[in-house]
Participant: 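Got a structure for you, questions after.
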There are 2 protein chains.
Amino acid sequence: MSANLRDIADRVGLSVTTVSRALNGYDDVAEKTRQRIIAAAKELDYAPNLTARRLRKQRTDMLGFILPTFGPRFSDPFFSEFIAGIGNEAARQEFDLVVSTHSPESEGERRAYLRAANGNWVDGVIVVRTRWKDSRIALLEAHGFPFVAFGRYGVDATAPYVDEDSIAGISILTQHFIDLGHQTIGFIAAPSNLMFGRYRLQGFTETMERNGLAVETAQIAEGDLTETGGAAAAARLLASFPQLTAVIASNDLMAIGAMKTLQKAGREPGVDVAVGGFDDVPAAAYANVPLTTVRQPIYEIGRKTCAMLIDIIAGRPLAAHQILLKPELVVRASSGVPLATSPSPDERRSSGALQSE
Amino acid sequence: MSANLRDIADRVGLSVTTVSRALNGYDDVAEKTRQRIIAAAKELDYAPNLTARRLRKQRTDMLGFILPTFGPRFSDPFFSEFIAGIGNEAARQEFDLVVSTHSPESEGERRAYLRAANGNWVDGVIVVRTRWKDSRIALLEAHGFPFVAFGRYGVDATAPYVDEDSIAGISILTQHFIDLGHQTIGFIAAPSNLMFGRYRLQGFTETMERNGLAVETAQIAEGDLTETGGAAAAARLLASFPQLTAVIASNDLMAIGAMKTLQKAGREPGVDVAVGGFDDVPAAAYANVPLTTVRQPIYEIGRKTCAMLIDIIAGRPLAAHQILLKPELVVRASSGVPLATSPSPDERRSSGALQSE
DNA sequence: TTGAAAGCGCTAACAC
DNA sequence: GTGTTAGCGCTTTCAA
């Protein structure tokens with residue numbers, strides 16, 4: 001294929017070693033020699049063989065990202081923004097990003113992590129959607145393999161992570177609804193094996209109790225994080241806890257699904273019932289009724305996660321081992337208006353209930 | 001790090017050569033020997049060094065995907081589904097996928113393709129969003145480097161591609177609106193340097209003309225494929241071609257933006273004006289007024305593109321060099337009702353105009 | 001059926 | 001300032 005060091009060396013009549021040093025900017029090469037070498041390299045259209053360099057240096061300069069998929073899609077639309085974040089940061093530091101798609105907890109996923117932990121596939125991996133007693137992390141830690149997680153993974157975790165503060169996020173959202181006069185709020189939880197699912201549920205119950213509002217099991221339903229799952233969970237909620245005046249879902253997709261169920265049941269989101277989500281995916285703003293939600297700076301999280309991993313690989317000291325980012329409330333039409341001044345059904349279409357963010 | 005062939009060889013008292021052959025399933029190894037070797041490999045937790053293997057075999061078993069980004073996002077949300085398609089197919093055939101994010105036509109993108117074409121980064125690349133006289137493809141062809149494009153790239157193209165038939169797609173959508181009674185249809189075009197932009201515009205004008213409807217420049221506006229761009233283009237259209245009763249955008253994001261502009265101008269999509277998009281991204285179904293659009297089987301396109309590329313790399317004969325997939329019309333509320341029976345403004349909220357797909 | 005030897009292209013320790 | 005030598009871990013002739 002393309003020219004190699006030997007070709008250049010032959011051309012200029014020097015040794016391969018000198019050529020290598022000249023091209024890599026070592027200062028023990030005569031400036032004149034270097035110029036000749038660089039010229040020859042350009043002429044021959046030289047590009048270093050990455051594989052050979054990797055073998056020699058025992059580093060791949062590649063990062064692994066095992067991406068959870070759900071059917072033909074990403075498990076969450078925000079992973080695309082996350083990839084942009086890690087991708088750009090990786091490129092900036094001259095790392096390649098290897099992406100491997102697997103459904104969560106599958107055999108394929110396990111093998112992918114095993115391959116990483118065994119070394120020489122990539123120099124480090126990024127773990128997302130951390131789970132309770134996460135076997136992926138246990139594996140990586142057992143092998144002493146470099147990784148950074150997006151999400152925490154246990155109380156006594158000492159290894160590095162970047163995470164958004166789900167408890168704080170759900171808390172501001174819940175408080176927002178309570179301040180609007182809601183007391184009976186249904187909650188659509190994420191599967192409890194997912195760490196963020198636990199935190200979001202915790203944020204909800206804590207905030208309710210802080211406001212003197214009891215939480216019954218009937219007002220909590222679990223969903224699978226998809227729109228369909230959210231719709232189904234909302235239906236169960238409506239059956240077990242019909243008195244609800246607001247619904248909070250653990251992610252935007254489920255909130256959007258819940259809104260559809262509510263509409264079908266004759267309860268208009270933003271008018272008869274307040275609805276909130278989490279993540280602020282693009283669809284939240286586009287939704288039939290624009291969705292109040294909690295924004296995570298997901299691109300930034302990706303960038304930080306990646307930067308941290310590269311620091312670890314390079315053996316650089318970390319500014320912080322564990323980063324917890326504060327999410328931000330985004331109020332849209334699905335919040336509706338304060339309960340006290342809520343419009344009667346006759347006035348539905350007119351009031352400011354459907355105004356945008 | 002982990003054990004290598006030499007470790008196993010020492011352990012069982014055989015040569016590295018024999019161990020290699022045993023582990024790679026050559027049949028010139030005594031079955032008993034093979035068993036011993038496999039046992040030792042398991043004990044030592046052996047994993048082959050991919051880098052060494054790659055250097056020796058002069059193949060990386062990696063595919064490159066240079067993903068166009070727009071700010072902190074993918075250029076199009078459907079690229080996430082596309083990645084899932086290529087990722088799963090690649091994994092199935094034991095290839096790794098290297099993803100590199102770059103904004104279109106940037107210097108970084110150029111360098112990424114150059115690195116690929118120079119060899120030894122990956123074995124082949126997938127090109128998306130093909131452009132008129134695409135310099136990326138010219139580069140790859142000049143170097144004889146394996147690639148498959150999602151999208152065509154010129155009239156006399158001989159190299160492999162997978163594409164959806166944009167002309168047919170826009171055609172069925174346009175015909176759908178014409179059949180509903182629309183004669184004055186505005187069109188929001190994609191940048192004309194993008195091949196699919198050209199095809200979609202062509203599909204529109206051809207279909208109009210086939211129906212005896214003239215197309216003026218005033219009824220076409222160009223947008224940058226984002227929601228904001230679509231909103232701006234719709235505003236221009238409204239100014240230059242106010243008589244329009246329907247708007248077709250070259251992608252869903254722009255259609256959604258256009259709907260917002262129309263709403264602000266007091267023209268309700270699905271009631272006063274029909275709106276159509278292209279792609280069927282998730283947001284199309286979630287939109288304020290669910291969007292009529294043309295669905296592309298994007299996961300399948302990703303899978304096929306990837307499979308084709310691997311066949312080329314492996315030197316296998318291709319079943320087809322160029323695949324053109326038929327897209328499918330998805331009718332939703334934004335189509336509205338036939339113009340003849342369209343409800344008067346007073347009846348807006350009642351009729352079937354807002355019924356779902 | 002097994003082993004010795006060569007070499008993929010590069011870098012780095014050590015001469016000179 | 002430049003060259004010699006060695007070797008990263010693997011596969012593949014070729015010979016025994």
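Predicted, not measured: the structure shown is a model, and the values here were computed from it. Numbers restart at 1 for each chain; the letters A, B, ... are given by sequence-line order, proteins then strands.
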Participant: Rounded to whole Å, please give me the gap between CG in B:D10 and P in D:dG9.
Facilitator: 13 Å
Participant: Measure up the B:F82 and B:F150 rings against each other and bin them: parallel (under 30°), tilted (30 to 60°), perpendicular (over 60°).
Facilitator: parallel
Participant: Within the 3.5 Å criterion, strictly below it, is a donor on B:Q322 or B:D163 matched to an acceptor on the partner's side chain?
Facilitator: no
Participant: Among side-chain atoms of B:T60 and B:D123, is any donor-acceptor pair under 3.5 angstrom?
Facilitator: yes
Participant: Which whole-number value in Å describes the distance from A:Q35 CD to D:dG1 C1'?
Facilitator: 15 Å
Participant: The side chain of A:T18 lies closest to which of these nucleotides: D:dT4, C:dA5, D:dT2?
Facilitator: D:dT2
Participant: Could you check whether B:S20 and B:T17, counting side-chain N and O atoms only, form a donor-acceptor pair closer than 3.5 Å?
Facilitator: no
Participant: C:dT11 P sits how many Å from A:D28 CG, rounded?
Facilitator: 14 Å
Participant: So that I can tick it off, tell me whether B:D7 and B:R11 are bridged by a salt bridge, with the cut-off set at under 4.0 angstrom between side-chain N and carboxylate O.
Facilitator: no
Participant: B:N120 side chain N/O closer than 4.0 Å to the phosphate oxygens (OP1, OP2) of C:dG9?
Facilitator: no
Participant: Tell whether B:S20 reaches the base of D:dT12 with its side chain through a donor-acceptor pair below 3.5 angstrom.
Facilitator: no
Participant: Could you give the CG-to-P distance, from B:L14 to C:dA4, as a whole number of Å?
Facilitator: 11 Å
Participant: Could you give the CG-to-C1' distance, from B:L5 to C:dG3, as a whole number of Å?
Facilitator: 14 Å
Participant: Is it true that A:N88 and A:Y299 share a donor-acceptor pair across their side chains at a distance under 3.5 Å?
Facilitator: yes
Participant: Considering heavy-atom distances to DNA chain C, does A:R6 or B:T17 have its closest nucleotide positioned more toward the 5' end?
Facilitator: B:T17
Participant: Would the base of D:dG3 count as contacting A:R21 through its side chain, where contact means a donor and an acceptor less than 3.5 Å apart?
Facilitator: yes
Participant: Of all of residues 42-61 of chain A, which get a heavy atom below 4.0 angstrom from DNA chain C, listed by number?
Facilitator: A:Y46, A:P48, A:N49, A:A52, A:R53, A:R56
Participant: Taking CD in A:E107 as the centre, count heavy atoms belonging to other residues, nucleotides or ligands within less than 6.0 Å. Is the count above 12?
Facilitator: yes
Participant: If I take atom CG in residue B:D7 and atom C1' in nucleotide D:dC8, what distance separates them, rounded to the nearest angstrom?
Facilitator: 13 Å
Participant: What's B:N4 touching, base or sugar-phosphate or nothing? Going by heavy atoms closer than 4.0 Å.
Facilitator: sugar-phosphate
Participant: Compare side-chain N and O positions of B:Y26 against OP1 and OP2 of D:dT12 and report whether any pair is under 4.0 Å apart.
Facilitator: yes
Participant: How close or far is atom C1' of D:dC10 from atom CD1 of B:I37, stated in whole angstroms?
Facilitator: 15 Å
